[in-house]
Asker: 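I'd like to ask you about the structure that follows.
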Amino acid sequence: CPSARSAAPWAALEQLPTFLSFLAVAGARFPGAAALAGAAFLVGRVFYFKGYASGEPNKRMAGPAPVQYLGLLALLVMNIRFGVELVRSA
């Protein structure tokens with residue numbers, strides 16, 4: 001489907017600002033864990049992107065695409081933990 005293929009890059013970018021900010025903050029305190037969570041997110045986004053470009057909505061979350069949300073959730077948890085540590089140390 002040509003329209004899905006042309007819209008796929010925009011779909012790939014929709015979560016990028018959130019991901020990059022979570023990755024930067026979590027990476028400052030938990031570099032190894034943040035790198036693993038970031039890799040999981042990116043792998044999931046690649047599979048989501050492939051499904052999105054197929055033009056069939058049910059293929060967007062096929063295969064390991066949901067892993068992206070586990071990676072993002074892990075980064076969110078690291079950000080919260082880092083914030084709590086900073087508040088307690090102040």
Asker: For the CZ atom of Phe49 and the CD atom of Gln68, what is their distance to the nearest 0.5 Å?
Answerer: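 The distance works out to 13.0 Å.
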Asker: In chain order, what residues pass the side-chain contact (heavy atoms from CB on, under 4.5 Å) check against Val25, with sequence neighbours excluded?
Answerer: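 Expected list: Asn79, Phe82.
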Asker: Could you tell me if the side chain of Phe19 sits less than 4.5 Å from the side chain of Leu42, heavy atoms only?
Answerer: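 Yes, close enough: below the 4.5 Å cut-off.
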Asker: Is there a continuous path of hydrophobic side-chain contacts, each under 4.5 Å between heavy atoms, that joins Leu72 to Ile80?
Answerer: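 Yes, it is one cluster - the side chains of Leu72 and Ile80 are joined through contacts under 4.5 Å.
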Asker: Side-chain contact, heavy-atom cut-off 4.5 Å: Arg29 with Met78?
Answerer: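 A side-chain contact is absent here, since even the closest heavy-atom pair is not under 4.5 Å.
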Asker: Would you say Phe47 and Leu16 are hydrophobically clustered, going by side-chain heavy atoms of ILVMFWY under 4.5 Å?
Answerer: no
Asker: Would you indicate whether the side-chain heavy atoms of Gln15 and Tyr69 approach each other to under 4.5 Å?
Answerer: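 Yes, their side chains come closer than 4.5 Å.
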Asker: Can you give me the closest heavy-atom contact between Ala40 and Gly71, atom names plus distance?
Answerer: CB-CA, 4.3 Å
Asker: Are Leu20 and Leu76 grouped together when hydrophobic residues (ILVMFWY) are joined by side-chain heavy atoms under 4.5 angstrom apart?
Answerer: yes
Asker: So how far is it from Arg45 CZ to Leu13 CG, rounded to the nearest 0.5 Å?
Answerer: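 Rounded to the nearest 0.5 Å, the CZ-CG separation comes to 8.5 Å.
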Asker: Do Phe41 and Leu23 belong together in a cluster built from hydrophobic side chains that touch within less than 4.5 Å?
Answerer: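 Yes, Phe41 connects to Leu23 through the hydrophobic network.
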Asker: Compare every heavy atom of Leu75 with every heavy atom of Ala26, then report the nearest pair and how far apart it is.
Answerer: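 Smallest heavy-atom distance, with atoms named: CB-CD2, 3.9 Å.
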